[in-house]
Undergrad: 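The following block contains the structure, expressed as structure tokens.
Note on naming: letters A, B, ... go to the chains in the order of the sequence lines (proteins, then strands), and numbering restarts at 1 for each one. All values below come from the heavy atoms of this structure, side chains included, with hydrogens, waters and symmetry mates left out.
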Amino acid sequence: MSNYPIETIRHSAAHVMAAAVQKLYPDAKFDIGPATENGFYYDFDMEHRLVNEDLKEIEKQMKKLIGRKLPFEHFELSRAEAGKMLAEAKQSYKLERLADIPEGEKIGFYRTGDFVDLCRGPHVANTGDIGAVKLLSIAGSYFRGDEKNKMLQRIYGAAFESEEAMTEHFRLLEEAAKRDHRKLGQELDLFSFSENVGPGLVLWHPKGAFIRHTFETFWKEEHYKNGYELLYTPHIGQSVLWETSGHLGFYREGMYSPMEIDEKDYYVKPMNCPFHIEVYQSRLRSYRELPLRWAELGTVYRYEKSGALHGLLRVRGFTQDDAHIVCTPEQIEDEIAEVLRFSLYIWKSFGFTEIKPYLSTRPAKAVGEPERWETALVSLRKAVDKLGLECEVDEGGGAFYGPKIDLKVKDAIGREWQTATIQFDFNLPERFDMTYIGEDGKKHRPYMVHRALMGSLERFFGILVEQYAGAFPLWLAPEQARLLPVSEKVTDYARKVQAELRQKGFRVEIDYHASSLGAKIKDARNARIPYLLVIGEREAEEGLIAARNRREGELGSLTIGQLAEKMRFEVENKIV
RNA sequence: GCCCACAUAGCUCAGUCGGUAGAGCACAUCCUUGGUAAGGAUGAGGUCAGCGGUUCGAAUCCGCUUGUGGGCUCCA
């Protein structure tokens, strides 16, 4: 057990791995090897193409080096000496890294056995101070993270201060894997993909579709309550629309290829904005009708790179919970504050309490007058302050068309998800020449804000599955209660109870299998059914139900009325 | 798109040296009529992802394609 910061241990482990690679593959050219969240990686370029079996051998070498307790020896060289040494060693990537070091800064090296690395450190005293290491995977990685550069070979490893800490890390990973939405989506029969339909195109099964229906309904009702109006717009539009919006100019490769109809090109929409703008342009607009808040569950298709697809979290066809707010400069501040408040309310309704905003400001290349950017930024900042939130700022990280706030929410096991986004747009109102008639009788350019609270319904659903580990709260659960008859003698009573509970608006099924009660309970629990209702001859005689629920366990024998009341309370308060 | 890996029954997986396909769960039928996490028997279920090659013979070896997973890039 050592007292070094964990990053120091991990970075030192990266050096040890590089030393092992150098020993096994003397022609290897090294790039960099930093610490990561749970370990380290190192990038290199060499003739040999690494395969998984190689990792075992490299790991063996590393353990040998660690066992020898080799010291990490620090030394410094002048720029000329360093360049000469790296050139002699044919370390071309290191030479480029050397050139990055600003004039006047010290040029440090570390030596571990035969391996010498350009590095500012710090490191542990000797390799014996590295607690536990395990190599994980091989990946390709572009030099300097640029797709135009050569792809280097990267090895990822885990490193911890002790074997126990590493075991604990892998245990947590297993826990996370148990709630993986792709695994649960199949087990609970929520959704699937089909090779015949196409990559990244989701098929919602009945149970998944029911959950979606429930949160869509909630979403729509809340939008009407909060002063929004809903729109429906088509899935395809002619090329002229996308030429005006600019998408064909700067986003063509992200769109599905066009289909030709009556000698015109139609594109499947990658976003809803141009359609909403067409609604706006359908007649002259007055300042008196602003702000307009138009929302749509708009299904869009984007040609995401195949390697980017990931379950429900990154798909090619998805439904945005989109809205566009068109308003005057005077209204913008209140509108933004209200959108932010609304987002927090929606996420809290699903049991997410830790929510953090990230503000992105003007990038180097941007459209729109600087004053408008400033007004927008001020309104975003004020909204964050008004809600008493702490906010991180990404200077220059905004889109070219406007500044934005993204929300990140933390889930039940502490992972952060990027979700809601509130974005100003100074581009489309210009391109479509959107105007309203002001008090002065003259035309003015309105402010336009895009916002999505859930993001995409597919992604939102994936996050929900992981948040709840498949155990949806009662208001969302597709099957809220399951009746478990002890024997077939009480089937009639089960039907009667089911009918009564359905009358009261609950989703109740009966397990008709001729299996034991124990087996039925196991099945119902695996299916994450919130309420299990056992009925046998005792209950049938007394007109009761022996209930248990997921949260509280045994509830004893209840009348149908008592049970319904309890469930109604849980549904109405969206108890998680 | 790029790097590495994977693809066998609805699901989870075995399948040795290249010799023609297996288990558990789920499903169906029958027996059992039961009391809080698996009662029993029988049965059905397969273009071994697809196409091509090597071979007397391919789930197995080789190539390509498709899909999926872990990364890189991307996410306007």
Undergrad: Just checking A:Tyr156: base, sugar-phosphate only, or nothing, at a heavy-atom cut-off of under 4.0 Å?
TA: sugar-phosphate

Undergrad: What pairs meet the side chain to side chain donor-acceptor pair (under 3.5 Å) rule with one or both residues in residues 462-471 of chain A, with sequence neighbours excluded?
TA: A:His181-A:Glu466, A:Arg415-A:Glu466

Undergrad: How long is the line joining CD of A:Gln423 and P of B:C75, in whole Å?
TA: 13 Å

Undergrad: If you assign A:Ala519 and A:Glu304 each to the RNA chain B nucleotide with the nearest heavy atom, which residue ends up on the more 5' nucleotide?
TA: A:Ala519

Undergrad: Does anything in residues 26-38 of chain A pair up under side chain to side chain donor-acceptor pair (under 3.5 Å), and if so which pairs, sequence neighbours excluded?
TA: A:Asp31-A:Arg97

Undergrad: Under the rule for salt bridge (charged side-chain N to carboxylate O under 4.0 Å, His left out), what residues qualify as partners of A:Lys520, not counting sequence neighbours?
TA: none

Undergrad: When only distance counts, do a donor and an acceptor, one from the side chain of A:Glu539 and one from the base of B:G35, lie under 3.5 Å apart?
TA: yes

Undergrad: Pull out every stem in RNA chain B, meaning runs of 3 or more consecutive Watson-Crick or G-U wobble pairs with both distances under 3.5 Å.
TA: B:1-7 with B:66-72, B:10-13 with B:22-25, B:27-31 with B:39-43, B:49-53 with B:61-65

Undergrad: Classify the side chain of A:Tyr303 versus the base of B:G1 as yes if they form a donor-acceptor pair under 3.5 Å and no if they do not.
TA: no

Undergrad: The criterion is ring-ring contact (aromatic ring centres under 6.0 Å, His included); which residues satisfy it with A:Tyr93, sequence neighbours excluded?
TA: A:Phe143

Undergrad: Do A:Arg548 and B:U36 have a side chain to base donor-acceptor pair shorter than 3.5 Å?
TA: yes

Undergrad: I'd like to check the salt bridge (charged side-chain N to carboxylate O under 4.0 Å, His left out) partners of A:Lys408; sequence neighbours left out, ordered by chain and number.
TA: none

